[in-house]
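Report on one structure; see the data block that follows.
Any value given below was found using the heavy atoms of this structure, including those in side chains, with hydrogens, waters and symmetry copies removed.
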Amino acid sequence: MGANSSSISELPENEYLQKLSGSEPISENDPFWNQLLSFSFTTPTNSADLKLLEEATISVCKSLVEKNPRTGNLGSLIKVFLSRTKELKISAECQNHLFIWQAHNALFIICCLLKVFISRMSEEELQLHFTYEEKAGPSSYGTECEDLIEELLCCLIQLIVEIPLLYPCQHTDSNWWKWLCSWYRGRYSGGVTSALGDITYSISLEAVTTLIVFLSCQLFHKEILRESIIHKYLMHGRCLPYTSRLVKTLLYNFIRQERSPPPGTHAFQQQTDGGGLLYGIASGVATGLWTVFTLGGVGSKASAQLEQCSPLASQSLLLLLVLANLTDAPDTPNPYRQAIMSFKNTQDNTAFSSSNPHAFQINFNSLYTALCEQQKSDQATLLLYMLLHQNSNVRTYVLARTDIENLVLPILEILYHVEERNSHHVYMALIILLILTEDDGFNRSIHEVILKNITWYAERVLTEISLGSLLILVVIRTIQYNMTRTRDKYLHTNCLAALANMSAQFRSLHQYAAQRIISLFSLLSKKHNKVLEQATQSLRGSLGSNDSPLPDYRFWEMSDCLHVSETKLRHAQDLNVIEEVIRMMLEIINSCLTNSLHHNPNLVYALLYKRDLFEQFRTHPSFQDIMQNIDLVISFFSSRLEQAGAELSVERVLEIIKQGAVALPKDRLRKFPELKFKYVEEEQPEEFFIPYVWSLVYNSAVALYWNPRDIQLFTMDSG
């Protein structure tokens with residue numbers, strides 16, 4: 001068998017892997033590493049591929065876990081990787097042109113091994129595996145006195161922020177890249193991009209993936225990690241100065257959405273004269289062990305899917321979300337979150353505050369475009385939420401856009417397809433709308449944007465409708481879905497808050513939108529009557545008589561409920577909740593009538609058409625005050641319609657309403673405080689966001705697989 005393994009099942013017996021995981025220490029200067037790292041393969045493209053690989057090599061990994069504290073071979077491999085990347089950055093005169101290739105291959109192996117180590121041991125135990133020092137002889141690399149974990153983390157960040165992707169020759173500030181581009185230009189007719197760009201894309205992706213793996217210790221703890229060793233390294237010391245550059249690079253990776261090179265295209269081709277640039281790698285001299293890693297082979301279904309997306313963009317976004325949601329250190333806030341909170345537009349010439357060392361600039365137009373295009377994914381919606389909530393510069397820019405429909409429409413589509421989305425994605429989309437509706441300018445402008453043929457809205461053909469009316473329709477539909485399915489009070493509250501924020505600026509409401517507002521109130525009214533009947537029956541049954549009179553439920557005292565069980569008291573609680581929602585709907589209708597009645601004849605029409613709905617609430621102590629204005633409007637316009645005679649057409653009724661809106665004595669309408677709601681995060685938001693982010697990583701990360709039985713942070717149905 002030797003060095004050649006023809007199938008994955010043969011990997012555990014392969015001599016290279018056996019030596020790596022064996023009992024003998026391997027110095028970082030040993031020629032073994034050149035043999036191990038000189039392979040050509042297509043990086044696995046999905047979690048299924050990684051699962052096959054992990055299952056095949058689990059015996060090798062277990063052996064390395066057992067013997068590494070004595071051999072230090074993991075540390076030697078990492079030092080080899082560090083030496084290759086050091087050459088990559090400073091050795092423009094280096095005669096060994098394998099450094100970038102071998103650095104990529106070494107990093108892939110390190111990432112695979114780290115994932116197994118981290119899933120099977122505590123951070124303290126992991127740290128011990130990095131602290132082995134060979135007793136015999138000095139090392140050529142000389143990092144024994146340095147912290148190898150910090151060294152590796154810092155190196156990974158440097159790779160991400162310093163290696164250009166597909167057009168390295170444009171980065172003229174880097175002498176070694178100038179030299180490398182020049183060298184490859186002379187060697188390959190295909191150009192730098194086809195050879196060098198593909199492998200730099202791969203090594204950038206591998207570096208991002210390895211950082212995610214380093215942080216994945218959170219997956220194996222039920223509680224939120226607040227004192228993590230890895231967090232400490234990333235927030236202090238050598239990694240800290242790279243904070244803003246890392247955040248900026250990850251954002252730009254997301255913005256650019258660079259597609260991955262097709263599988264296998266990043267393998268450097270052998271020279272036509274037979275010269276040994278990679279001493280025969282492409283011709284198979286040293287590929288026997290590693291060609292079995294081509295799990296996503298050319299033409300496979302997985303590869304075809306990946307060609308349509310950007311693994312680097314997706315993985316970078318996941319890493320950014322993980323970093324942004326790390327808990328604050330005891331002495332300092334999370335610097336990655338600080339960077340996200342403070343970056344500015346490249347067109348913003350105002351000076352940065354000296355108190356924020358993590359500030360930077362980015363092209364907001366490009367960021368806005370990417371956010372608009374990527375909202376189908378949970379992680380892009382979560383990023384949008386974070387930016388709107390935490391970065392006032394981004395929020396101001398977004399609200400000033402004249403094409404706000406490009407952002408709002410994808411958010412509405414998420415809510416419209418609520419049945420197909422997980423609850424967290426729906427929450428984020430809804431909170432984004434709530435944040436946007438805090439701005440009066442937004443609430444006015446969305447009624448000026450006219451949309452045509454909204455194909456995804458199936459309940460009714462909408463050939464022409466304003467963005468504002470469509471937003472109302474979708475939010476009301478979400479409320480109705482929640483009432484019949486999930487019954488989540490939090491969802492109700494945020495939906496109604498968004499409508500309330502908009503209500504004073506309702507303009508030219510579409511006929512269907514006006515109808516749906518009143519239809520929702522009708523549904524709530526029926527729900528109220530049903531719950532009231534159930535509550536009354538429960539109380540009557542507890543008092544022991546079906547004939548004895550009951551006090552009005554609005555004036556029930558605790559003494560009336562002494563013998564009512566908890567189950568029956570729940571009806572009273574349900575009644576209280578439904579009345580809170582009804583109160584909010586009446587306030588929304590009242591806000592529109594008192595602030596913009598003359599702009600909304602369709603709402604007045606719908607109100608008159610269903611006027612009987614409001615009768616039962618006129619004298620109700622919980623609604624009496626707010627009903628005064630609604631009752632006045634109904635009475636005023638009903639009177640004018642009666643004067644106009646019977647058998648009026650819809651057009652004639654609308655004409656009378658428009659005329660009456662001018663004549664309505666506004667001073668008779670009672671003034672209420674303006675309806676304004678502001679989104680505020682719950683206390684300890686990390687309890688929600690950290691499990692959510694890691695569920696996204698678990699389900700969406702490119703070519704990463706964790707055994708679901710090992711996951712402790714969340715239940716497997718929460719992702």
Side-chain angles (χ1 to χ4, degrees), residues 85 88-89 100 103-104 107 111 152-174 176-177 196-215 233-235 238-260 310-326 334-346 352 356-371 374 379-380 382-383 386-387 391 393-394 693 697 701-702:
T85 56
L88 183 68
K89 287 179 283 189
I100 190 170
H104 172 272
L107 185 53
C111 185
L152 178 55
L153 288 170
C154 193
C155 179
L156 292 173
I157 293 174
Q158 289 173 333
L159 280 176
I160 295 169
V161 303
E162 292 182 0
I163 289 186
L165 294 178
L166 299 181
Y167 305 101
C169 291
Q170 295 179 1
H171 293 252
T172 56
D173 57 337
S174 177
W176 63 277
W177 269 113
L196 186 59
D198 292 344
I199 187 60
T200 56
Y201 185 104
S202 297
I203 198 171
S204 295
L205 175 58
E206 208 63 58
V208 171
T209 301
T210 306
L211 275 179
I212 291 175
V213 168
F214 252 124
L215 290 159
Y233 287 127
L234 289 171
M235 293 188 187
R238 298 178 58 191
C239 296
L240 186 60
Y242 292 95
T243 297
S244 61
R245 292 179 63 190
L246 178 58
V247 171
K248 182 176 182 178
T249 301
L250 295 175
L251 277 172
Y252 268 127
N253 287 348
F254 166 71
I255 289 170
R256 290 172 179 139
Q257 294 289 317
E258 296 283 6
R259 295 190 178 187
S260 61
S310 174
L312 181 59
S314 174
Q315 210 86 322
S316 295
L317 178 52
L318 289 172
L319 176 58
L320 181 63
L321 295 175
V322 170
L323 292 171
N325 286 282
L326 296 179
N334 179 345
Y336 302 95
R337 188 182 304 121
Q338 294 295 108
I340 287 175
M341 291 172 62
S342 56
F343 71 82
K344 296 182 178 181
N345 194 354
T346 49
F352 286 107
N356 187 355
H358 307 301
F360 62 91
Q361 290 181 302
I362 203 166
N363 188 309
F364 277 17
N365 182 61
S366 300
L367 176 61
Y368 180 81
T369 300
L371 288 168
Q374 300 300 319
Q379 44 268 41
L382 181 53
L383 175 64
M386 286 170 44
L387 295 178
N391 190 313
N393 302 316
V394 173
V693 168
V697 174
V702 179

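Note that the OG atom of S342 and the CZ atom of R337 stand 12.5 Å from one another [nearest 0.5 Å].
A207 approaches L159 most closely through the heavy-atom pair CB-CB, 4.3 Å.
Applying the side-chain contact (heavy atoms from CB on, under 4.5 Å) test between M386 and each of L320, N391, N325 identifies N325 as the sole match. Applying side-chain contact (heavy atoms from CB on, under 4.5 Å) to L251 and the options N363, L383, I340 leaves one that passes, L383.
Below 30°, between 30° and 60°, or above 60°: for F343 and F364 the angle between ring planes is above 60°, a perpendicular geometry.
A heavy-atom distance below 4.5 Å is found between the side chains of L215 and L234. In this structure, the side chains of N253 and T249 come closer than 4.5 Å at one or more pairs of heavy atoms.
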Quick one: do L367 and L387 satisfy side chain to side chain contact (heavy atoms under 4.5 Å, CB included)? Show the steps, please. CA-CA 11 Å; L367 176 61; L387 295 178; 4.0 Å; yes
Trace of the side chain to side chain contact (heavy atoms under 4.5 Å, CB included) decision for T243 with L323: CA-CA 10 Å; T243 297; L323 292 171; over 6 Å; no
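Using a distance-only test at 3.5 Å, with no hydrogens or angles considered, no donor-acceptor pair links the side chain of Y336 to the main chain of L246. Judged by distance alone, with hydrogens and angles left aside, the side-chain atoms of Q315 form a donor-acceptor pair with the main-chain N or O of V702 at under 3.5 Å. In terms of modelled atom types and a separation under 3.5 Å, the side chain of S310 and the main chain of E258 share a donor-acceptor contact. A donor-acceptor contact shorter than 3.5 Å is absent between the side chain of S314 and the backbone of P311.
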